[in-house]
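Written below as structure tokens is the structure these notes are about.
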Amino acid sequence: DAKTTQPPSMDCAEGRAANLPCNHSTISGNEYVYWYRQIHSQGPQYIIHGLKNNETNEMASLIITEDRKSSTLILPHATLRDTAVYYCIVRGRSNDYKLSFGAGTTVTVRA
Amino acid sequence: GAVVSQHPSRVICKSGTSVKIECRSLDFQATTMFWYRQFPKKSLMLMATSNEGSKATYEQGVEKDKFLINHASLTLSTLTVTSAHPEDSSFYICSATRPNEEQYFGPGTRLTVT
């Protein structure tokens, strides 16, 4: 699976949009971009995933560049409860559903 | 999303004893379950992949005789840490999935070996 690069940390203000970048320049055509987050001392939580098109759900939006080498997770209105480590993961949709977690981005939402 | 539970949520055991951790998918049948461990301030590391009714596949460097995994049904997988030592103290997390769907994670089990 392709490797991803994320900034180690970022702060954002409560109520504002949080834009989390992820680089995956070696992504291959059949690999998806997944986002998970982990709130302190809890298991990871699935957020969203996408292949080529932008995706939106009740939690977030995922913007994937046309060349698919990078993406941005957008939390539209960050709350204090969004403080967590956010992981961007690239993997295929084969029978091997392994997820390789990198260091992620520690997002701190401040009041 | 789907619900995955783990039991116990935290356990303290003495060195040399064995500890069993259960992972259950509560509202779906999981064909595959995964076990991860996470040390403080570190990311999750995959330990093994478990398919119902077959032997688990362990990642390189994970001792299969020390970390026994059983996936006897589509809703239950267990991880037994045998002859636990203080260095096995960690946060153990399971996840469950079915074909072409996302992995759903349990809340984790904090193991402390004294």
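Below, read A as the first sequence line, B as the second, and so on, with proteins coming before strands; counting in each chain starts at 1.
With a threshold of 4.5 angstrom between heavy atoms, B:Gln6 does not approach chain A through any atom at all. Using a 4.5 Å cut-off between heavy atoms, A:Ser41 touches chain B through backbone and side chain atoms alike.
Taking a cutoff of 4.0 Å between a charged side-chain nitrogen and a carboxylate oxygen, B:Glu22 and B:Arg24 qualify as a salt bridge. Between B:Glu59 and A:Lys98 there is a salt bridge, with a side-chain nitrogen of the basic residue lying less than 4.0 Å from a carboxylate oxygen of the acidic one.
Taking the six-membered ring where the residue is Trp, the centroids of A:Tyr46 and A:Tyr36 are separated by under 6.0 Å.
Ranking B:Gln38, B:Met45, B:Arg110 against chain A, the residue ahead of the rest is B:Gln38, based on heavy-atom pairs under 4.5 Å. Of the residues considered (B:Thr31, B:Leu44, B:Ile93), B:Leu44 shows the highest number of contacts with chain A, using heavy-atom pairs under 4.5 Å.
Using modelled atom types, one finds no donor on one side chain facing an acceptor on the other under 3.5 Å when comparing B:His71 with B:Ser77.
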